[in-house]
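For reference, the structure discussed in these notes is given below.
None of the values given here were measured: they were computed from a predicted structure.
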Amino acid sequence: MNSFYNKHCEKYFEKYPTVYEYFTSSPKRIKALKIFKTASTVIMYAAYIILLVSLAISRDMRIIKAIAVPAFVFFLVTAVRKGINAPRPYEKYPIKPVLPKETKGKSCPSRHTACAVVIAFACLYVNLPAGIILVILSALIAASRPLMGVHFPLDVIFGALLAVIPSVIGFYIIP
């Protein structure tokens with residue numbers, strides 16, 4: 001796994017300068033990326049709060065899963081990333097993130113991605129149309145993390161898997 005991951009990181013490092021140049025060569029692109037980063041996070045967490053409030057108001061018992069599954073994923077991903085403590089792209093290589101970030105380590109898995117995915121699945125579990133929109137938004141959030149230079153693509157994929165698997169089990173398999 002380690003050599004596979006390192007080869008993946010090397011390929012990312014080779015291609016990242018093109019991505020960096022694309023975004024940093026235009027102030028409009030940087031501004032759009034900043035807006036997306038902030039807005040997508042706000043939308044995702046606001047949707048989750050609205051979901052929980054609506055379930056609580058209607059006394060819908062699905063609130064138990066809507067709290068338990070995301071909490072499980074959050075703690076799982078936090079524990080795994082602390083255990084792996086992989087360096088971020090800008091720590092491992094002489095690159096700058098598109099948007100400034102100084103967090104050290106804990107790159108793999110991406111907790112930002114995992115949280116977005118599990119929130120999308122929680123909404124999908126309760127409201128199919130809203131859930132589909134949030135699944136698409138979570139995919140965009142996942143794609144943005146390597147584009148910004150703060151995660152390697154495998155960090156994001158691993159984060160998504162650590163959210164999808166418990167989400168499917170928690171929301172759809174366990175009664």
Check against side-chain hydrogen bond (donor to acceptor under 3.5 Å, both in side chains), N6 and K92: CA-CA 10 Å; N6 284 331; K92 190 171 176 90; 3.0 Å; yes

Pair V98-Y22, side-chain contact (heavy atoms from CB on, under 4.5 Å): steps then yes or no: CA-CA 10 Å; V98 173; Y22 173 79; over 6 Å; no

Please lay out, stage by stage, how V126 and L51 fare under the test side-chain contact (heavy atoms from CB on, under 4.5 Å). CA-CA 8 Å; V126 174; L51 172 72; 3.6 Å; yes

As a quick check of understanding, evaluate ring-ring contact (aromatic ring centres under 6.0 Å, His included) for F152 and Y12, giving each step before the final call. CA-CA 7 Å; F152 294 104; Y12 174 84; 5.2 Å; yes

Which atoms form the tightest heavy-atom contact between Y16 and L147, and what is the distance? CE1-O, 3.8 Å

S54 and S58: which non-hydrogen atoms are nearest, and at how many Å? O-OG, 2.9 Å

Treating Ile, Leu, Val, Met, Phe, Trp and Tyr as nodes and any side-chain heavy-atom pair under 4.5 angstrom as an edge, say whether V73 and Y45 lie in one connected cluster. yes

Determine, step by step, whether I141 and F36 satisfy the side-chain contact (heavy atoms from CB on, under 4.5 Å) criterion, reporting the C-alpha distance in whole Å, the side-chain angles of both residues, the deciding distance to 0.1 Å, and the verdict. CA-CA 9 Å; I141 289 169; F36 174 78; 4.1 Å; yes

List for me each residue that meets ring pair (Phe, Tyr, Trp, His ring centres under 6.0 Å) alongside F13, sequence neighbours excluded, and say none if there are none. Y93

What about Y172 and V118, same hydrophobic cluster or not, with Ile/Leu/Val/Met/Phe/Trp/Tyr joined at side-chain heavy-atom distances under 4.5 Å? yes

Keeping the roles fixed (side chain from Y20, backbone from G149), state whether a donor-acceptor pair exists under 3.5 Å. no

Gap separating the CD1 atom of I35 from the CD1 atom of I30, nearest 0.5 angstrom: 11.5 Å

Is there a side-chain hydrogen bond (donor to acceptor under 3.5 Å, both in side chains) between T78 and R111? Walk through the geometry before answering. CA-CA 7 Å; T78 299; R111 188 168 56 197; 2.9 Å; yes

